[in-house]
Amino acid sequence: MRTRRRGSHRRTTHSWTVWTLCVVLCSLCGACDGGSPPDSLRLVWLANTSLTCNDGSPAGYYFRRGTNNDHWVVYLEGGGYCWDKASCSARWRRRPALMSSTRWPRARRAPALLSADPAANPLWHASNHVLLPYCSSDMWAGTRSTRHPGTGFHFTGRLIVRAVLSDLLRYGLKGRLLLVGSSAGGAGVMLHADAARRALRSHGVRVAAIADSGWFLDRPARARRAPAATVARLGHTLWRGNPPNSCVRNHPSEPWLCYFGYRLYPHIRTPLFIFQYLFDSAQLAAEGVRAPRTRSQWDAVHKTGSALRVSLTPVRAVFAPACLAHGALARPEWLAINVSGITLPRAIACWEQRLNGGRRHPRGGCAPRKLVERCTWPQCNGSCPRLRDPRTGEEVALAALLQSFGLDVRGAAAAMGLDARQLSRMSRAELLPLLAPHM
């Protein structure tokens, strides 16, 4: 199958080149807007054709020019990673779209933070928008441009980011660039922030970064799960990973530790905003807790939440709700997420205002730099994304969720002067204010 794909790639090299030129021209002048949805980004293949997805298909990005030519938002997608032959083979079987560009559409609907609709994206709707689809499976850290003999895959995530930034300079990149990423893309943002700032500084471009749900911890895993540090070590070797030297100098014999946010953060000099759920579901899955139901499993959830909370202590700009979820900025609900009544968009707007040295702040005043949920219960924040049962897809009632934590629902109902059945039927909006003093 891969041999046929390589042959196809050789036969269509000229076609890719012609299509790249056409799409670049369309993106720059808006000549092709008639055939795409109104809020879409157009595909542009990388000028450097030696950089590919895992399977050797061309790498590229999606682009839309906005009305504010001095502000660019570059978004690194996430989607996990693979670290050895077995995990990469399983990923190829289950999620080939994260390893190949062969089925990329010519236009993609913009995720929330890249939308041109002010209602969906009040902060950056007028900016120039760039979406980097994730097809390298390496946390955007790899430099392996030839096929790995064991897996048959390429891993060029770090080189792809560098090439995209070079392309954008040719298309008029200037002013401020905001490098944003979610999940593995959030980790990629932390890995690339300083290199991007240094590379663009001589062109007069100022760089800031936002890492969404990329703050992973190297905590022990439950039975039959490989420890996170072991996975990072294997991945680092497979990808020919290249984390920042400023961090590697502190871990010369274990450079793979620099893929974990709390270890890398002290070495990042670029202005960085961290968004992180305190009960990150991807972190829990890496530890072997996918669908907690027993008391011991919920105890593990609480321990992870405590560890994440402590690890965020030195972060200067952070927004951390007590939710059991993963990823926010690409989702419509990012507008509603709040900590202590301060929404995520308002917190980010205040952070950007401080970077720009501006004195005008969002309506209602500016938010504190650090917003970490005080409540220590998962889902105690009324703005959390709804938790669903992974077996049925149905929303989990808050009373049932709290009962699974070990809460005595009958005792809690009696203390509040309610019937237990009445309490179990109450909505989140009704129940949370009653329980908040006890959480």
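What you see below is based on every heavy atom in this structure, not just the backbone, and it leaves out hydrogens, waters and symmetry mates.
Among all heavy-atom pairs drawn from Arg219 and Ala307, the shortest one is NH1-CB, 3.7 Å. Nearest heavy-atom pair, Ala328 versus Ile337, reported as atom, atom and distance to 0.1 Å: CB-CD1, 3.9 Å. When every heavy atom of Ala322 is checked against every heavy atom of Cys375, the shortest pair comes out as CB-O, 3.7 Å. Closest of all the heavy-atom pairs between Phe216 and Ala282 is CE2-CB, 4.1 Å. Closest non-hydrogen pair, His129 versus Leu114, comes out as ND1-O, 2.8 Å. Minimum interatomic distance between Leu329 and Asp212 (heavy atoms only, all atoms of both residues): N-OD2, 3.0 Å.
If you look at Tyr277 and His326, their ring centroids are not closer than 6.0 Å. Between Trp351 and Phe319, the ring centre distance reaches or exceeds 6.0 Å. Proximity of the aromatic rings of Trp83 and Trp256 is defined here by a centroid distance below 6.0 angstrom, and this criterion is not met.
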(request) List the steps and the verdict of side chain to side chain donor-acceptor pair (under 3.5 Å) for Asn48 and Ser50. (result) CA-CA 6 Å; Asn48 184 348; Ser50 68; 2.5 Å; yes
(message) Pair Gln276, Asp280 - check side chain to side chain donor-acceptor pair (under 3.5 Å), show working.
(response) CA-CA 7 Å; Gln276 185 63 45; Asp280 187 277; 3.0 Å; yes
Got a list of side-chain donor-acceptor pairs under 3.5 Å for residues 191-208, not counting sequence neighbours?
residue, atom, partner, partner atom, Å
His192, NE2, Trp140, O, 2.6
Asp194, OD1, Arg269, N, 3.1
Asp194, OD1, Thr270, N, 2.9
Asp194, OD1, Thr270, OG1, 2.6
Asp194, OD2, Arg269, N, 3.0
Arg197, NE, Thr270, OG1, 2.9

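Ring geometry for Trp239 versus Tyr81: interplanar angle over 60°, hence perpendicular rather than tilted (30 to 60°). The aromatic rings of Trp92 and Phe153 sit tilted, their planes meeting at an angle between 30° and 60°. Using cut-offs of 30° and 60° for the angle between ring planes, the His302 and Trp377 rings count as perpendicular. Tyr171 and Tyr61 have tilted rings, their planes meeting at an angle from 30° to 60° on a 0 to 90° scale.
Shown are Tyr262, Tyr265, Phe275; of these, the ring-ring contact (aromatic ring centres under 6.0 Å, His included) with Trp215 is made only by Tyr265.
With contacts defined as side-chain heavy-atom distances shorter than 4.5 Å, the pair Ile348/Trp124 qualifies. You'll find the side chain of Leu169 reaches within 4.5 Å of the side chain of Leu173, heavy atoms only. Counting heavy atoms from C-beta on, the side chains of Val74 and Leu177 come closer than 4.5 Å. Looking at heavy atoms from C-beta onward, Arg109 lies out of side-chain contact with Tyr62 at the 4.5 angstrom threshold. Using a 4.5 Å cut-off on side-chain heavy atoms (C-beta onward), Asn128 and Arg65 make contact. Residues Pro58 and Ser101 form a side-chain contact, since some pair of their non-hydrogen atoms from C-beta on lies under 4.5 Å apart. At least one side-chain heavy atom of Cys323 sits under 4.5 Å from a side-chain heavy atom of Gln379. Looking at heavy atoms from C-beta onward, His236 lies in side-chain contact with Pro243 at the 4.5 angstrom threshold.
The side chain to side chain contact (heavy atoms under 4.5 Å, CB included) search around Leu335 returns Pro122, Pro345, not counting sequence neighbours. For the side chain to side chain contact (heavy atoms under 4.5 Å, CB included) test, residues two or more places apart in sequence or in another chain that qualify with Arg144 are His148, Phe155, Arg240.
Residues Asp218 and Arg263 are paired through a salt bridge, judged by an N-O separation under 4.0 Å between the basic side chain and the carboxylate. The existence of a salt bridge linking Glu77 and Arg108 is confirmed by a sub-4.0 Å separation between a basic side-chain nitrogen and an acidic carboxylate oxygen. Salt-bridge annotation for Arg176 and Asp70: absent, with no side-chain N of the basic residue lying under 4.0 Å from a carboxylate O of the acidic one.
With a 6.0 Å radius and a threshold of 12 heavy atoms from other residues, nucleotides or ligands, Arg331 has its CZ atom at or below the threshold. No more than 12 heavy-atom neighbours from other residues, nucleotides or ligands sit within 6.0 angstrom of CZ on Arg369.
Side-chain contact, Ser127 with Asn68: no donor N or O sits under 3.5 Å from an acceptor N or O.
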